[in-house]
Amino acid sequence: MPELPEVETIRQSLLPHVVGTVVANVEVRERRLRRPLAADFEQAVRGRPICGIERRGKYLLFDIDRGEHLLVHLGMSGTLELRDSTPDQPHDHVLFHLRDAPRLVFNDPRRFGLLRVGRIAELDELRSVGPDPLAEQWSAERLRGLVRRRKLPIKNLLMDQRVIGGIGNIYASEMLFRAGVRPRRSAARLRGRELTALASAMRAVLEEAVQAGGSSISDFRDGTGRSGYFQLQHAVYEREGEACRRCATPIRRVVLSGRSSFYCPRCQV
DNA sequence: CGCACCCCCTGCCGGC
DNA sequence: TGCCGGCAGGGGGTGC
């Protein structure tokens, strides 16, 4: 479910509610996530303040003081949600009971998510996360450096978290449509003007998606239970056979590295 | 090294 | 109606 815009939406929705509070207690109901939850997880979080929330690619980082952070990755089906008195739901795996605030629940049916506590420098997962397309330093020049000698399809490169942080299957297709580039084009062989178009399309699509509160294509909700509506603006994702919004040509679907990819054969070269 | 493939897990949908 | 296969927004490991 969550790519950069959804993770950022969750971050922003949680900020006003959890920053400044304290984790009074942690309740773990299921330790078998992508990696088993550490034996000392509860002890590491219990009693700690939440001083801020950052995002790196698809990872959330809760600053719990003393130089330590709670790292959260939502995998395919994970959510983080503030719940007042709503009853427990299936797949509620970790419950953070906050002082003077609703409880924060990590729910993840497929259990591909990840929770860890540690110092940023010691969190290996973060070391390999590539640059964020929403960062100020993002530019066509930067993208040019990233595609050098990479002959793989541009869509695969966009989704490689070590190269660029935060882009998943929905937004890779959407930004390639915006840039007028087909998903199977070799990254290294893109022309200068295509890279320029792509670099700005990446940013524009992600910004608009954050603005819309993310894509709620299944049942994505932010930290306070609100749906996003960017799915209504999808140009190509999950629109195989439907008319291109720009030229009315039927949208096509191809499979790249096992992932469905969508494009308009007329608008994208 | 780069890349395709398979796996992890549950839920949902369409077809029979 | 009920069952089954295929597919789903994630990443990591393996083996070519």
Side-chain angles (χ1 to χ4, degrees), chain A residues 1-11 29-37 55-60 71-80 89-94 106-116 123-130 146-177 183-189 205-206 209-210 212-222 227-241 253-262:
Chain A
M1 170 199 319
E3 304 183 32
L4 186 155
E6 289 74 34
V7 176
E8 177 63 19
T9 295
I10 289 177
R11 187 185 78 83
R29 299 188 176 161
E30 177 59 81
R31 311 194 87 84
R32 296 172 301 163
L33 303 179
R34 190 163 97 210
R35 290 218 312 268
L37 209 57
R55 180 187 56 76
R56 305 240 182 130
K58 298 174 190 170
Y59 286 95
L60 283 173
L71 179 74
V72 179
H73 191 285
L74 299 170
M76 285 280 253
S77 57
T79 58
L80 268 180
Q89 290 168 26
H91 313 296
D92 282 353
H93 301 319
V94 180
F106 171 75
N107 180 293
D108 185 7
R110 293 173 74 177
R111 290 192 274 119
F112 290 168
L114 176 83
L115 281 77
R116 254 191 94 184
L123 295 167
D124 297 343
E125 292 84 353
L126 293 178
R127 266 203 281 262
S128 54
V129 177
L146 296 173
V147 302
R148 281 188 69 201
R149 280 178 302 229
R150 303 299 306 272
K151 293 185 183 163
L152 75 171
I154 182 63
K155 178 177 178 260
N156 292 18
L157 182 110
L158 290 175
M159 290 179 62
D160 185 335
Q161 301 304 300
R162 296 165 299 182
V163 178
I164 300 154
I167 299 168
N169 207 33
I170 296 178
Y171 297 103
S173 281
E174 291 297 313
M175 54 188 53
L176 284 168
F177 172 81
R184 274 185 293 206
R185 290 278 303 283
S186 163
R189 295 196 187 139
V205 166
L206 295 172
V210 171
S215 299
S216 293
I217 71 169
S218 156
D219 53 0
F220 167 75
R221 300 291 166 90
D222 75 9
S227 297
Y229 56 87
F230 194 73
Q231 70 281 5
L232 303 175
Q233 299 172 42
H234 287 176
V236 290
Y237 185 77
E238 282 281 273
R239 297 194 66 240
E240 182 184 17
R253 182 178 84 99
V254 291
V255 176
L256 286 178
S257 298
R259 313 296 298 273
S260 288
S261 314
F262 303 86

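Keep in mind it's a predicted model, so treat the numbers as computed, not measured. All chains are named by letter (A, B, ...) in the order of the sequence lines, taking the proteins before the strands, and each is independently numbered beginning at 1.
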Determine if A:F112 stacks with B:dC9; use a centre-to-centre distance below 5.5 Å and an interplanar angle below 30° as the criteria. no

Where A:D108 and A:G78 come nearest, the two heavy atoms and their spacing: OD1-N, 3.4 Å

Answer with base, sugar-phosphate or nothing: what part of the nucleic acid does A:I217 contact at a heavy-atom distance below 4.0 Å? base

If the P atom of C:dC3 is compared with that of B:dC9, how far apart are they to the nearest Å? 23 Å

Which whole number of Å gives the distance between the C1' atom of C:dG9 and that of B:dC3? 22 Å

Output yes when at least one side-chain N/O atom of [X] is less than 4.0 Å from OP1 or OP2 of [N], else no.
| X | N | answer |
| --- | --- | --- |
| A:S260 | C:dA8 | yes |
| A:R259 | C:dG9 | yes |
| A:Y171 | C:dG9 | no |
| A:H91 | B:dG11 | yes |
| A:K58 | C:dG10 | yes |
| A:S257 | B:dA4 | yes |
| A:Q161 | C:dG10 | no |
| A:N156 | B:dG2 | no |
| A:H73 | C:dG10 | no |
| A:R32 | B:dC8 | no |

Which nucleotide in the set C:dG9, B:dC3, C:dG12 lies at the smallest distance from any side-chain heavy atom of A:R150? B:dC3

With the side chain of A:R111 defined as its heavy atoms from C-beta on, choose the nearest nucleotide among C:dG11, B:dC9, C:dA8. B:dC9

Using atom [atom1] of [X] as one end and atom [atom2] of [N] as the other, report the distance to the nearest whole Å.
| X | N | atom1 | atom2 | value |
| --- | --- | --- | --- | --- |
| A:D108 | C:dA8 | CG | C1' | 13 Å |
| A:N107 | B:dC9 | CG | P | 17 Å |
| A:L206 | C:dG9 | CG | C1' | 14 Å |
| A:R56 | C:dG10 | CZ | C1' | 20 Å |
| A:E238 | B:dG14 | CD | P | 12 Å |
| A:R148 | B:dC1 | CZ | C1' | 17 Å |
| A:D124 | C:dG13 | CG | P | 11 Å |
| A:L152 | B:dA4 | CG | P | 7 Å |

Within the modelled atom types, does a donor on one side and an acceptor on the other bring the side chain of A:R110 and the base of B:dC9 under 3.5 Å apart? yes

Return the nucleotide paired to C:dT1: Watson-Crick means purine N1 to pyrimidine N3 with N6-O4 or O6-N4, wobble means G-U with N1-O2 and O6-N3, both under 3.5 Å. none

According to the Watson-Crick and G-U wobble definitions, with both distances under 3.5 Å, which nucleotide is paired to B:dC9? none

Please check if any side-chain donor atom of [X] sits under 3.5 Å from a side-chain acceptor atom of [Y], or the reverse.
| X | Y | result |
| --- | --- | --- |
| A:S128 | A:R162 | no |
| A:E6 | A:Y171 | yes |
| A:S186 | A:K151 | no |
| A:T79 | A:R221 | no |

Heavy-atom neighbours of A:R29 CZ exceed 12 at 6.0 Å: yes

Hey, are A:E3 and A:K58 close enough for a salt bridge, meaning a charged N less than 4.0 Å from a carboxylate O? no

Closest-nucleotide mapping onto DNA chain C: is A:R253 or A:R34 further toward the 5' terminus? I mean the 5' end. A:R253

